[in-house]
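To keep things clear, I will list the structure first and then write my remarks on it.
Quick note: numbers below take in every heavy atom, side chains included, and nothing from hydrogens, waters or symmetry partners. The chain is numbered in sequence order, starting from 1.
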Amino acid sequence: MQLFYSKDITETIDEFEFSREESKHISKVLRKKEGDTLHITNGLGLLCKGIITFSSPNKCIIQLEHKELQTPKNYRLHLAVAPTKMNDRYEWFLEKATEIGIDEITPIICDHSERKVIKLERFERILQSAMKQSLQCYLPKLNPAFSFSEFIEKENSDQLFIAHCEETKKQSLKDILTLATNVTILIGPEGDFSAKEIEIALKKGHKPVNLGETRLRTETAAIVAAHSVAFLNS
C-alpha cells in the first residue's frame, strides 16, 4: 500500500482532487491511471480508499469509496528537543521519531543552544513524508520554537521527564514510566541543559531520567526516548 496525505480530506467528502504537484507525481512518476486504487489520510486518523476517476499531470481526481477512522495509540508522547547545531541531525530525528510513533514535537531554545532559528515548513514536510512512508494516519503536531522558560511554564502532562547529563541522581526511564498516559520528555542541546534549567525543571515536577549507560547526542537521545516509550507501551 502507498499512502497519500491531504489535510483537506474529511468524512463528508466523496470526491477529492489532488494538487497539481501531487497529480504530476501520481500520473507521471507513479504512472497511476483511471481505475487504480489509492489510499489517502488527513493525518488525523482518517484512512480513505478510493478509485482514480481522472488522471493527468495537471489534475488527478479520486472517488472515495471507503473511510475508516484508525484507532489512536493508548499513550501520547510529546518530545521537547533543542535544535541541533547541524540541521540535518534534527531532521533525521524528526523522520525516525515519526516512524517510531510520536504525537507532538516542540523545538526548545536553551541556554546552551547554538542554533536558534528553525525552518518549520521544511520540518513539516519531513514529518508528512515519514508518516506516509511508515503507513501511519496520525501526523505528529509540530509546534513553533519556544524558549526553555516559556515551554516549562505552559507544559502539562501526566508524566514529565528531563534527560540531562549532569552527575546527579537519575532513574531509568523504563523503571518509572507509567504506561498508557500522556508523557513529555525534555532533551537538551549539545552542551546539555544549564544547571539553572535543570533546577527549574525539577521544581516544575520533571523527573530526571537516564536513557542508557552511554552519553548520547541530542538526536540519538530523542530517538531512544521515543523508542523506549513506544516499546514499553507495546
| said: Contact between I105 and I102 at the side-chain level, heavy atoms closer than 4.5 Å - yes or no? | reply: yes

| field | Cluster link L94 to Y138, ILVMFWY, side chain under 4.5 Å | value | no

| Y90, I223: one ILVMFWY side-chain cluster at the under-4.5 Å cut-off? | yes

| Contact check, side chains of V183 and D158, non-hydrogen atoms, under 4.5 Å | no

| field | Atom pair CE/CG of M131 and L3 - distance to nearest 0.5 Å | value | 6.0 Å

| remark: From the list L211, T184, I176, side chain to side chain contact (heavy atoms under 4.5 Å, CB included) with F161 holds only for I176

| query | Heavy-atom distance under 4.5 Å between the side chains of L186 and F148, does that happen here? | reply | yes

| Distance (rounded to the nearest 0.5 Å) between T37 OG1 and I62 CD1 | 8.0 Å

| Exam field: side chain N233 to backbone A180, donor-acceptor pair closer than 3.5 Å | yes

| Within 6.0 angstrom of E15 CD, more than 12 heavy atoms from elsewhere | yes

| request: Count the heavy atoms of every other residue, nucleotide or ligand shown that sit under 6.0 Å from NE2 of H227, and state whether that count exceeds 12. | output: no

| message | Under the criterion side chain to side chain contact (heavy atoms under 4.5 Å, CB included), I'd like the reasoning laid out for L120 against I118: C-alpha separation, chi angles, the key distance, then a yes or no. | response | CA-CA 6 Å; L120 283 179; I118 62 172; 3.8 Å; yes

| query | Cluster question for you: counting only ILVMFWY and a side-chain heavy-atom cut-off of under 4.5 Å, with indirect links fine, are F123 and M86 together? | reply | no

| So do the side chains of F16 and S6 get within less than 4.5 Å of each other, counting heavy atoms only? | yes

| Atom CD of E68 and atom SG of C137: how far apart are they, to the nearest 0.5 Å? | 9.0 Å

| Distance, nearest 0.5 Å, that separates CZ of R20 from CG of N58 | 4.5 Å

| request: Looking only at non-hydrogen atoms, find the nearest pair between D192 and C165 and report the distance. | output: OD2-N, 2.9 Å

| message | Are F54 and I51 linked, directly or through intermediate hydrophobic residues, by side-chain heavy-atom contacts shorter than 4.5 Å (ILVMFWY only)? | response | no

| query | Within a reach of under 6.0 Å around NZ of K119, are more than 12 heavy atoms found that belong to other residues, nucleotides or ligands? | reply | no

| message | Side chains of F4 and I26, heavy atoms from C-beta outward: is any pair under 4.5 Å? | response | yes

| Is there a donor-acceptor contact under 3.5 Å from the side chain of D103 to the main chain of L77? | yes

| field | Nearest heavy-atom neighbours spanning L173 and A225 | value | CD2-O, 4.4 Å

| Among E114, E190, E219, which residue meets the salt bridge (Lys or Arg N to Asp or Glu O under 4.0 Å) test with K85? | E114

| said: Please tell me whether I108 and L142 are part of a single hydrophobic cluster in this structure, the criterion being side-chain heavy atoms less than 4.5 Å apart. | reply: no

| With no hydrogens and no angle check, is any side-chain donor or acceptor of H112 less than 3.5 Å from a backbone partner on G191? | yes

| field | Within-4.5 Å side-chain heavy-atom neighbours: F93 and I187 | value | no

| K170, NZ atom: more than 12 neighbouring heavy atoms under 6.0 Å | yes

| Least distance between heavy atoms, L46 atom then T41 atom | O-OG1, 2.8 Å

| query | Just by distance, with hydrogens left out, do N182 and R76 show a side-chain donor and acceptor under 3.5 Å apart? | reply | no

| Under 3.5 Å donor-acceptor, Q63 side chain and D14 backbone | yes

| query | For P144 and F146, which heavy atoms make the closest approach, and how far apart are they? | reply | O-CD1, 3.2 Å

| field | Under 3.5 Å: donor-acceptor pair, side chain of S228, backbone of V224 | value | yes

| message | Counting neighbours of NZ on K207 that are heavy atoms of other residues, nucleotides or ligands and sit closer than 6.0 Å, is the number greater than 12? | response | no

| query | Any side-chain heavy-atom pair from N42 and K7 closer than 4.5 angstrom? | reply | no

| query | Shortest non-hydrogen contact from E99 to Q136? | reply | O-NE2, 3.4 Å

| said: Closer than 3.5 angstrom, by distance alone: can the side chain of R89 be matched with the main-chain N or O of T84 as a donor-acceptor pair? | reply: no

| query | Of I162, N156, L160, I152, which is the lone residue that meets side chain to side chain contact (heavy atoms under 4.5 Å, CB included) with K204? | reply | I152

| field | Heavy-atom pair with the smallest gap, counting every atom of T168 and H164 | value | OG1-CE1, 3.2 Å

| request: Using atom types as modelled and distance alone, determine if a side-chain donor or acceptor of Q171 lies under 3.5 Å from a backbone N or O of P208. | output: no

| said: Please evaluate residues H25 and L30 with respect to the criterion side chain to side chain contact (heavy atoms under 4.5 Å, CB included), reporting the C-alpha separation (whole Å), side-chain torsions for both, the decisive distance (0.1 Å), and the verdict. | reply: CA-CA 6 Å; H25 178 70; L30 301 178; 3.8 Å; yes

| said: I'd like to know if the side chain of K67 reaches the main chain of I13, judged simply by a donor and an acceptor atom lying under 3.5 Å from each other, with no hydrogens or angles considered. | reply: yes

| Any side-chain donor-acceptor pair under 3.5 Å between E155 and S157? | yes

| query | Are T106 and N143 close enough that a side-chain donor and a side-chain acceptor fall under 3.5 Å? | reply | yes

| Looking at SG of C60 and NZ of K33, how far apart are the two atoms once the value is rounded to the nearest 0.5 Å? | 12.5 Å

| For the side chain of S113 and the backbone of K116, is there at least one donor-acceptor N/O pair under 3.5 Å apart? | no

| Does F151 have its ring centroid less than 6.0 Å away from the ring centroid of H78? | yes

| query | Step by step, would you call N210 with S172 a side chain to side chain contact (heavy atoms under 4.5 Å, CB included)? | reply | CA-CA 5 Å; N210 66 57; S172 174; 4.1 Å; yes

| query | So E150 and K154, salt bridge (charged side-chain N to carboxylate O under 4.0 Å, His left out) or not? Walk me through it. | reply | CA-CA 7 Å; E150 288 175 324; K154 77 179 194 67; over 6 Å; no

| Donor-acceptor contact present, side-chain E22 to main-chain S19, <3.5 Å | no

| field | Gap separating the CG atom of L179 from the CG atom of N74, nearest 0.5 angstrom | value | 8.0 Å

| Are K49 and L64 side-chain neighbours, meaning at least one heavy-atom pair lies under 4.5 Å? | no

